Every structure is written in structure tokens, then in C-alpha cells.
There are 2 protein chains.
Amino acid sequence: MPRTNSPDDDRPDSPDRPDTPDRPDTPGRPDRPYHHGDLRRAILRAALDVIAADGPSALSLRDLARRAGVSHAAPAHHFKDRTGLLTAIAAEGHALLASTLTEAADLRDAGVRYVRFAREHPAHFQVMFRPELLREGDLELTTARALSGERLRDAVSTARPDFGGADPRLAGIAAWSLSHGFATLLLSHNLDAVVGDRDPEDVFRTATELLFPSTGR
Amino acid sequence: MPRTNSPDDDRPDSPDRPDTPDRPDTPGRPDRPYHHGDLRRAILRAALDVIAADGPSALSLRDLARRAGVSHAAPAHHFKDRTGLLTAIAAEGHALLASTLTEAADLRDAGVRYVRFAREHPAHFQVMFRPELLREGDLELTTARALSGERLRDAVSTARPDFGGADPRLAGIAAWSLSHGFATLLLSHNLDAVVGDRDPEDVFRTATELLFPSTGR
DNA sequence: CGGGCAATCTTGTCAGTGACAAGTTCTGAC
DNA sequence: GTCAGAACTTGTCACTGACAAGATTGCCCG
């Protein structure tokens, strides 16, 4: 079942609610089909919703199973355990981040894209940089993370050739810290008062002008 | 860890093992004293240890109770619930941060102190900026947070008078983002490879020199 | 001195959760 | 067609947070 992007909210085959009254509560089998069809994706989507709303700690595998209309142990089949689910999300996030950074015109644009990524994929972002939530050995995560790191370094190298001859890794740390800090504070609502109605990305861009004095491009 | 110096490691009154045989019968009743003596502080200390080691999500009230040698419901008396405990920690953190920022010589020093605070009080830092973990209405938290925010703004105002005439709030955002991002990435071990053996605060100071071009001081 | 009150802590309980084990149903490759 | 394995279910266990009700104790006020 390809249908990668369609609105596959719930059970794909049974559009009605899972509590059709013909089988009231008998512990026998429910009338939904045995196979969900795209459980992995459904769980992932629900997990992203929950995390974006209430953070990773609010995530419950059993709740996700209920949302998908599936038994409480079904998610484990696709993700092994909670850590596995979060690891999959983090890996996906790094892949998405890498892809948007690839198109960055220069370092400042990369920073803006970093912030935009955090705003558009808050759930991914909240998970990606928390090792204690992730399965550190995971191959998919490791490669995705390596890729996004490489894109980050690429962006730094597009900056003014040398940053005054400084260690480029230091410039990378500074740029990453600035973007990451802004994104983090933004997502945790610590900048709400200052940003106000303005577009956060504009605020970020303007703030960086103060530090990187309008790079020669 | 400075190890606050008071020897309140465990039960303060009973240095001996909890199985003194004077009460042979009634297996329900342990012979430890009914009152712990300084339970609130003991719980707080244990919580900081756990959070620093494994993050806030690893925190269990029952585990803290066990560490303090106390019944599983005892912590609730002092902190109401998990959120209450984390809120108390966050408030304490903001007070500590405010106090160290008060002594900052200039903006860069404030940044360095911010990073140092995160390193010396990682548990506090990991909790302070996560609203979803905190009781938002809490009075103690609100006042402590207001104080640390004020100190942050004070530090920005000590910078080069105008930052080129820019909105001082923007300069504040930029400085805060930079420091917060560095501290966050540092604590989550995302800078381990780049920082290596060097002193993180030195790395931070050097990195900021790239952005704030050696302020006229 | 002593009575009572409030703070502190305990025991008991309930629903929710993650993890695991073992069984059931379906799918697709041969 | 069949059958191996993928996808899902049921059942269970230990653990957790929250709450309720009772026990113990320090201490204030008379």
C-alpha cells in the first residue's frame, strides 16, 4: 500500500468508528481487519502530533495504539520499544534537516533554514538532540546524523572564506549554537514575549545581522 | 559538585543499619524514625543526581523515596507531585542563575557565566526551560524566573552602548540564543567531538570572539 | 504539665504504562 | 496450494503517579 501522503488517519479500510454497536463488548474479536495496512506510518504520524503538542515525555505507546485502533502491543512490532520509535523519528528528522540544508545559499540562509526546520518539524527537532531518548547504536540514526552534520559543515564553509583566519570548526560551533539556541528557545516558548507578532525567522535574521556584520556574500 | 557540606546523605538520625532487633514482631513497622529530618532537601538532592545522570524523564518519585529510605508517598507531601518537584528545581535554578549573572562584568562574561552555570548545574538547566514539565502558575517559579530574566537584560545593557543602534531586545535574543544554544548542545554531548579536551568555556569564549568582534569594553 | 493541632510520614489502592511471551491471522513467494 | 514469516492480538508482570485515609510526632498554648 504505497499511498505515502494521503490522509490515512485511521484504519484505512474501516472508515466508520471502531465501536460499531453490533459487537458491544464481547471479548471476542473486533470486526476491524486484522492488518492495519500502514501501521508504521500511522504510529509515526500520531507520535509526531503528540510530541509536537506535549513533548516526548507525553508519548505513550499504548495511546498511539489506541489512536490507530490497534492492540496495545502492535507498535512494538514496528519499533521494538519506545526508544526505537523515538530513534526512528530522530533519524527521519536528520534526513529532513540535511535535505533542507542542502539548498542553503550561504551560512545565514542555512541558519534561517535551521530555524524554519525547527518550526515546521517541532516534534523531530525536540527529539533529535536528546541522546538519552535514543538508541545510540542505531545504524539509520547514525548515517542520517552524519549526513546532516556534513551539510552543516558545508554551510559553514560557504561563509566568508576564513572568518578572519579562525578555526572553521569554531565558526561552525558559533553558528550552530546561535541557530540551535534560537530554535530551542523559540519552541519552548521562551521568546514569545520578545518575538510577539513578528515572523520568527525575520527576527532571527535581523538578530544575526548584529553578529555576522552583513557578510560579503 | 560542591557537595553542600551538610552530612544529610540519608536518614540523618539512624547511622546504624535499619534492622535493630528491639522491635522483633510486627513485620510491617520498620524501626527507623518516623520523621526523616530533612526529607525535602534529601529528595531534591537525589532528584538532581538522577536528572544530571539520565535526564528528567528518568526521574521517579518512588525511586527518590527509596533512596531517602522513606515510604513511596512521602515525597508528595513536600512537592505535591512530579510537576511540583520539577517546578521547585526550576525555581531554584533561576535563582542560582540570577545570582551568578549579577556578578557578570560585561556581556561576554555573562555568556561565559551562563555556560558555566549549565555545566555546574546541569540538572537545573535541563529543567528550567521546559514549560511542559513545570507548573506554570507557580509563584516561586514566576518570581525566580522574572529575576533571572532581569539579570539577563541587565547584562545586555552593559554591552557596547548600542550595538550599532539596533533594538537592544534583538541583541539580547542573539546573545541569549548563542549562550543557550552552546550550553544546550554541550550538555547533550553534541559538541564532544569538536570541544575535545579543551575547556568548554574557553571554546565558547573564543567562538564568541568571532561574532562579537572583541567589544570595545 | 498536658491536651490538641498541624506537619510529617505510612499503608493501601487504582488506573495507566512499557516490556515481554505466546498465540492467531493474514500475505506473498515459491 | 502451501507454508514461512510478517503483522497483529491476548495475556501478564513489574513499575509508576496520584490519591485517600490512617498513624506518628513535634510543638504551641493553656
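Every value quoted in this text rests on a predicted model; they were computed, and no experiment measured them.
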Less than 3.5 Å apart, which donor and acceptor atoms pair up between the side chains of residues 120-133 of chain A and the rest of the protein, not counting sequence neighbours?
residue  : atom : partner : partner atom : Å
A/His124 : NE2  : A/Glu92 : OE1          : 2.7

Side-chain donor/acceptor pairs under 3.5 Å, residues 48-60 of chain A, sequence neighbours excluded:
residue : atom : partner : partner atom : Å
A/Ser60 : OG   : A/Arg62 : N            : 3.3
A/Ser60 : OG   : A/Asp63 : N            : 3.0

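Atom CG of B/Leu64 is separated from atom CZ of B/Arg82 by 9.5 Å, given to the nearest 0.5 angstrom.
Considering only residues two or more places apart in sequence or on other chains, B/His77 meets the side chain to side chain donor-acceptor pair (under 3.5 Å) condition with none of them. Partners of A/Thr87 according to the side chain to side chain donor-acceptor pair (under 3.5 Å) rule, which considers only residues two or more places apart in sequence or in another chain, do not exist here. With sequence neighbours excluded, the residues forming a salt bridge (charged side-chain N to carboxylate O under 4.0 Å, His left out) with B/Arg151 are B/Asp154, listed by chain and number. Residues forming a side chain to side chain contact (heavy atoms under 4.5 Å, CB included) with B/Asp192 (at least two apart in sequence, or on another chain): B/His189. Remark: B/Asp138 engages no residue in a side chain to side chain donor-acceptor pair (under 3.5 Å) (not counting sequence neighbours). Judged as a side chain to side chain contact (heavy atoms under 4.5 Å, CB included), and not counting sequence neighbours, A/Ala76 has no contacts. Residues forming a side chain to side chain contact (heavy atoms under 4.5 Å, CB included) with B/Ser177 (at least two apart in sequence, or on another chain): A/Leu178, A/Phe182, A/Leu185, B/Ile173.
Atom P of nucleotide C/dG23 and atom NE2 of A/His72 are separated by 16 Å, given to the nearest angstrom. Across the protein-nucleic acid pair, B/Arg40 atom CZ and C/dA7 atom P stand 15 Å apart, rounded to whole Å.
Contact between the side-chain N/O atoms of A/Arg66 and the OP1/OP2 oxygens of C/dT17 is found at a separation under 4.0 Å.
Heavy-atom distances under 4.0 Å link DNA chain D to B/Leu59, B/Ser60, B/Leu61, B/Arg62 of residues 53-64 of chain B, given in residue order. For the contact set between residues 128-138 of chain B and DNA chain D, defined by any heavy atom under 4.0 Å, there are no members. Within residues 75-87 of chain B, the residues approaching DNA chain C are B/His77, B/His78, by heavy-atom distance under 4.0 Å.
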